[in-house]
Amino acid sequence: MNTRVGTIGNASPLTADANPMIDPFGRAVTYLRVSVTDRCDFRCTYCMAENMTFLPKKDLLTLEELDRLCSAFITKGVRKIRLTGGEPLVRKNIMYLVRQLGEKIGSGLDELTLTTNGSQLSRHAEELYECGVRRINVSLDTLDPDKFRKITRWGDFAKVMEGIDAAQKAGLKIKLNAVALKDFNDSEMPELLRFAHGRGMDLTVIETMPMGEIDEDRTDQYLPLSELRADLEKQFTLTDIDYQTGGPARYVRVTETGGRLGFITPMTHNFCESCNRVRLTCTGTLFMCLGQNDAADLRAALRATEDDALLQAAIDEAITRKPKGHDFIIDRTHNRPAVARHMSVTGG
Ligand code: SAM
Ligand code: SF4
C-alpha cells in the first residue's frame with residue numbers, strides 16, 4: 001500500500017512505500033549517496049592513479065535517470081541524499097539534477113548535500129543554495145599551496161579558497177574533510193583545525209581506506225586517528241560529544257577553539273553497526289557497503305519499463321544483501337587493496 005507524502009512546486013507527488021528499506025540486521029536505510037561521475041579535475045594521490053581510465057560516457061545514466069532512481073529511493077524511505085563523485089560539480093549540467101532533487105526537499109526528502117573538492121564552487125555556490133542545499137562538505141587536506149598541488153597533483157589551492165569564500169557568502173554551511181596522511185599533514189592538523197573553526201566550519205579527519213590501485217604504497221600513507229587524537233590532545237582539550245550528522249563521524253568539542261572535530265575511523269573502529277546508507281554509482285550500480293564488492297544492477301530494472309514496480313523490487317532485493325560490515329584488509333602478499341574499485345566510483 002502506498003501513502004501520498006506531498007508535493008512542492010511543480011514536482012510530481014512522491015508516494016511513500018509502506019515497505020521501507022530495513023536490512024537483515026534491522027538497520028533502516030534512509031541515506032543515499034550518489035556518485036554522479038567517476039571523473040575528477042584533481043588526482044589526489046590517495047584516491048586515484050595519475051593516469052586513470054574513466055568509464056566511457058555512454059555507460060553513464062542520464063541526469064533524468066539518476067533523478068528517477070533517487071525518487072524511487074525517496075519513496076522507499078530515503079530522507080537524505082548526498083551527491084558526490086569523482087567531482088560532482090564537473091558533471092555536465094549537474095545543476096539540473098540538483099534542482100530536481102532540491103524540489104523534493106520537504107516532499108519526502110529532508111536534506112540534499114554535496115561533497116566537493118571546491119574547485120568549481122565559486123561558480124555554483126549561489127545556485128546550490130537557491131536549489132535548497134544548505135550544507136556541503138569540502139575536502140581540504142592542507143593549507144599549504146605547494147603541498148596542496150602535491151597531494152591533488154592537479155588542484156589549484158587559490159581556486160578552492162575562492163570556492164569556500166563564495167559558498168560561505170552564499171549561506172552554505174561548510175564542513176571540511178581532511179584525510180589524515182602520515183608525514184604529510186599530521187603536523188599541520190592544529191593549523192587546519194584553527195583555520196576551520198576560525199571560519200565557523202567543522203573539521204572531520206578521515207583514515208585512508210585501501211580502495212583501488214594508486215601509484216603509491218598505501219601503508220606509507222596510513223595514519224591511525226588514535227595517534228592523531230593523542231597528538232592533538234597535547235595542545236587541545238577534546239571532549240566527546242553526542243553530535244550526529246547522519247554520517248559515520250564521532251565528534252569532539254575543542255575547548256580552545258569552541259568548534260567541532262569529527263573522526264571517521266573505518267580502519268581502527270568498526271563504524272558499521274549504525275550504518276544507514278547505500279551508494280549508487282553513475283552507471284546505476286548499487287553498493288550496499290562501501291567496503292564490500294557485492295552490488296546490485298539497478299540500471300536494467302530502470303530501463304526495462306517506465307513502471308517503478310520492477311525498480312522498487314530490485315531495490316528491495318538489494319537491501320536483503322546489505323552486509324553487516326566492511327573488512328578493509330590490504331592483501332599484503334600481493335600488496336593489493338581489498339576493494340578493487342576506487343573511492344571515486346562509489347563516492348566518499
Ligand atoms: N571529489 C570530491 C571530494 O574530494 O570531496 C568528492 C568525492 S571524494 C572520493 C570524497 C571523499 O573521499 C574526499 O573527502 C576524499 O578525501 C575521500 N577519499 C578519497 N579516497 C580516499 C581513501 N582511499 N581513503 C579515505 N578517504 C578517501
Ligand atoms: Fe577527485 Fe575527490 Fe578523489 Fe581528490 S578525493 S581525486 S578531488 S574524487
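The model shown is predicted, which means the values in this text are computed figures rather than measured ones. Start at 1 and go down the list; that is how both ligands and their atoms are numbered.
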Using a 4.0 Å cutoff against the non-hydrogen atoms of [X], which atoms of ligand 1 qualify?
X	answer
T84	6 (C), 7 (C)
G85	7 (C), 9 (C)
T116	2 (C), 3 (C), 5 (O)
V179	16 (O), 26 (N)
C47	19 (C), 20 (N)

Original post:
Any N or O on T208 sitting closer than 3.5 Å to an N or O of ligand 1?
Top reply: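 For ligand 1, there is no N or O atom that lies under 3.5 Å from one belonging to T208.
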
**OP:** Could you say whether the N/O atoms of C40 and ligand 1 ever approach to under 3.5 Å?
**Re:**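 No: no nitrogen or oxygen of C40 is under 3.5 Å from one in ligand 1.
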
Subject >> Pair K80, T113: side-chain N/O donor-acceptor within cut-off below 3.5 Å >> reply: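 Judged by distance alone, the side chains do not pair up.
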
Subject >> Heavy atom of G86, distance to ligand 2 below 4.0 Å >> reply: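 For ligand 2, residue contact (heavy atoms, under 4.0 Å) with G86 is present.
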
**OP:** Working to the nearest 0.5 Å, report the span between CE of M201 and CD1 of I164.
**Re:**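 CD1 of I164 is found 5.0 Å from CE of M201.
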
Original post:
Within less than 2.8 Å of atom 4 (Fe) of ligand 2, any N, O or S from C44?
Top reply: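 It does; at least one qualifying atom falls short of 2.8 Å.
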
Original post:
Can any side-chain N or O of N93 pair as donor or acceptor with the backbone N or O of Y96 at less than 3.5 Å?
Top reply: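 No: the side chain of N93 does not pair with the backbone of Y96.
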
Original post:
Would you say M211 contacts ligand 1, with heavy atoms under 4.0 Å as the rule?
Top reply: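 Contact check M211 vs ligand 1: negative.
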
Subject >> Proximity to ligand 1 by part of M209, non-hydrogen separation under 4.0 Å >> reply: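 Looking at M209 and ligand 1, atoms from backbone and side chain both fall under 4.0 Å.
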
Original post:
Side chain or backbone of T115 under 4.0 Å from ligand 1, or both, or neither, by non-hydrogen atoms?
Top reply: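 T115 to ligand 1: contacts from backbone and side chain alike.
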
Original post:
Can you list the atoms of ligand 2 that are under 4.0 Å from a heavy atom of F42?
Top reply: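 With F42 as reference, the close atoms of ligand 2 come out as 6 (S), 7 (S).
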
Subject >> Option with minimal heavy-atom separation from atom 6 (C) of ligand 1, where the choices are A180, G86, S139 >> reply: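 Heavy atom nearest to atom 6 (C) of ligand 1 belongs to G86.
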
**OP:** Give a yes/no verdict on a cation-pi contact between K322 and F25, requiring under 6.0 Å between NZ or CZ and the six-membered ring centre and an angle within 45° of the axis.
**Re:**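 The answer is no, since K322 fails at least one limit relative to F25.
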
Original post:
What residue and heavy atom of the protein are closest to atom 2 (Fe) of ligand 2, and at what distance?
Top reply: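 It is C40 SG, 4.4 Å.
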
**OP:** Could you give me the CA-CA distance, side-chain angles and deciding distance for R303 and L310, then say whether side-chain contact (heavy atoms from CB on, under 4.5 Å) is met?
**Re:** CA-CA 10 Å; R303 290 187 173 166; L310 195 64; over 6 Å; no

**OP:** Flag the pair E256 and R194 as a salt bridge only when some basic side-chain nitrogen lies within less than 4.0 angstrom of an acidic carboxylate oxygen.
**Re:**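 The answer is no: the pair does not qualify as a salt bridge.
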
